[in-house]
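Data first, discussion second: the structure below is written as structure tokens.
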Protein chains: 2
Amino acid sequence: MPAQAKPTSEVLILDAAQAVFLERGLTGARMQEIADRAGINKAMLHYYFRSKEKLFEVVVSRAIGGAMPQLFELLESEADLFAKIYQVSSFYLDFISRNTFLPLFIVDGINRNPQFFFASVVQTNQPRLQRFFQQVEEAVAAGRIRPISGLQLLINIVSLIVFPFLAKPLYQVAAGFSEEAFAAEMARRRAEVPDLVINGLQLGI
Amino acid sequence: MPAQAKPTSEVLILDAAQAVFLERGLTGARMQEIADRAGINKAMLHYYFRSKEKLFEVVVSRAIGGAMPQLFELLESEADLFAKIYQVSSFYLDFISRNTFLPLFIVDGINRNPQFFFASVVQTNQPRLQRFFQQVEEAVAAGRIRPISGLQLLINIVSLIVFPFLAKPLYQVAAGFSEEAFAAEMARRRAEVPDLVINGLQLGI
DNA sequence: AAGTTGTTTAACCATATGGTTAACTAATGG
DNA sequence: CCATTAGTTAACCATATGGTTAAACAACTT
């Protein structure tokens, strides 16, 4: 393989900024700390990204950018509902496992600046999950699953996947989980979540 | 009833601080804004609470304080496992509905300062959920529910209850929910969550 | 080699911020 | 009624912070 190209200042800054914004939040993050961690003069941050807010926006977009469209695509695919639940859970859990910082990042941002974050997450006229919701309605109407709204179902899935990552420090402090133990527990959830969701969709006992 | 006693400065400060800490986070919150919103001189904040951090600690303890012990009590009670799931879901959802700001508050705090928040949430030698975990193990062993660890089950419940409140702004911005519509949706979850969890505990299809 | 452009740096600046001080007023109680 | 304490205030302080500037440097063009 070719020698790793030295990362550009821009990338150094973005990586450092992402780490610092995660640890401290938007207001808690210090431009100086970002600069230090990137090994770069503070003025460079402004040279490349004008202001703290702009830098933050770029960091957010870069972090979220890739995965959301894929997720929406999965949800709107032609696949069977149950298969879809497995696919989405798997993909989502994988993605977050590779970016454990994202959930806090997003939840915090969403709550402090809903419209901006919404625009970042659900980029330009994303499909409206028409098909997924319709699919749920049909399954209910056909008596294949118990009555539930598509929204509730989606929220259930997302909750079960995302929340544990928000509670990660609790796993560590309260239950004494190491980094690896936590990862293993999350891996276990790759089966647990769709099992629970699908099992929970069966018609009443 | 007696005329509402004028709230003391201390309470005025705590209420204002709670609101501001919620909106801006620990670092984003400004002592001046807290003072203004409490209608009180800034020096008073330090008079009553020495420092920003101390004030924050008191706010957190006050907000979390009451409910956690009750929750633990429910989890460790003698009740049947399924009944317990209903009780916990109901109580927890009620409590959070009355304090919709708490989840973000805690999740954010937990991630930025795990040990302090853990100490606040799980006050002095709280029971270790021995009984609840054992109860789950027994139910699994007896073949009354599918195999699952007590921790996973607990996490499932908490996830389903708490996460939607973290995503509240998304309900509003993305799905156009009003404050009332959101409350109604959460009310619906009081049945949805235990139904899903319990249904999802049944032995495989 | 001299211009030209993009990149990097140290030194600054204006302002915001958490915290302190010293003086003043309202209670309390002996 | 006076003294001691609790409560409250405006003015102040040291520092941190986001952001700017002017000059130096590097790389490329001609």
Side-chain angles (χ1 to χ4, degrees), chain A residues 2-63 105 108-109 112-113 116-117 120, chain B residues 2-63 105 108-109 112-113 116-117 120:
Chain A
Q4 193 79 326
K6 186 176 69 171
T8 68
S9 296
E10 194 170 337
V11 172
L12 284 173
I13 293 171
L14 283 175
D15 287 344
Q18 182 165 300
V20 175
F21 279 135
L22 162 70
E23 280 174 38
R24 323 260 189 221
L26 171 53
T27 48
R30 299 297 156 216
M31 296 297 266
Q32 190 60 59
E33 181 173 2
I34 295 173
D36 290 347
R37 226 184 279 194
I40 267 181
N41 189 287
K42 180 165 71 87
M44 296 285 281
L45 307 193
H46 293 94
Y47 177 73
Y48 280 107
F49 303 96
R50 281 203 81 75
S51 72
K52 189 185 185 184
E53 297 231 327
K54 292 273 184 200
L55 173 58
F56 186 70
E57 287 180 27
V58 175
V59 168
V60 173
S61 304
R62 193 183 73 141
F105 207 58
D108 197 58
R112 299 207 198 296
N113 201 338
F116 160 63
F117 258 82
S120 294
Chain B
Q4 191 81 325
K6 185 176 67 166
T8 68
S9 296
E10 194 169 338
V11 172
L12 285 173
I13 293 171
L14 282 175
D15 287 343
Q18 183 164 300
V20 174
F21 280 135
L22 163 70
E23 280 174 38
R24 321 262 188 220
L26 170 54
T27 48
R30 299 297 157 217
M31 296 297 267
Q32 190 59 58
E33 181 173 1
I34 294 174
D36 289 348
R37 224 184 279 195
I40 266 179
N41 189 287
K42 180 165 71 86
M44 295 285 282
L45 306 194
H46 294 94
Y47 177 73
Y48 281 108
F49 304 97
R50 281 207 83 74
S51 72
K52 189 186 186 184
E53 296 231 327
K54 291 272 184 200
L55 173 58
F56 186 70
E57 287 180 28
V58 174
V59 168
V60 172
S61 303
R62 193 183 72 142
F105 207 60
D108 197 58
R112 298 208 199 295
N113 200 337
F116 161 62
F117 257 82
S120 294

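Naming: A, B, ... by sequence-line order, numbering from 1 per chain.
Taking the six-membered ring wherever Trp is involved, the centroid distance between the rings of B:Phe21 and B:Phe105 does not fall below 6.0 Å.
Note: B:Ile40 CD1 to B:Tyr47 OH = 12.0 Å, rounded to the nearest 0.5 Å. To the nearest 0.5 Å, the span separating CG on B:Leu55 from CG on B:Leu14 amounts to 6.5 Å.
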Return the polar atom pairs (N/O with N/O) between nucleotides 25-27 of chain C and the protein under 3.5 Å, or none.
none

How would you summarise protein contacts on nucleotides 5-21 of chain D per nucleotide, using B for base, S for sugar-phosphate only and - for none, with heavy-atom distances below 4.0 Å? -SBBBB------SBBBB
Could you go step by step and tell me if B:Arg112 and A:Asp108 meet the side-chain contact (heavy atoms from CB on, under 4.5 Å) rule? CA-CA 12 Å; B:Arg112 298 208 199 295; A:Asp108 197 58; 3.8 Å; yes
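More than 12 heavy atoms of other residues, nucleotides or ligands shown are found within 6.0 angstrom of CD on B:Glu23. By the neighbour-count criterion of 12 heavy atoms within 6.0 Å, atom CD of B:Gln32 is densely surrounded, having more than that number from other residues, nucleotides or ligands.
Minimum interatomic distance between B:Gln18 and B:Ala63 (heavy atoms only, all atoms of both residues): OE1-CB, 4.0 Å.
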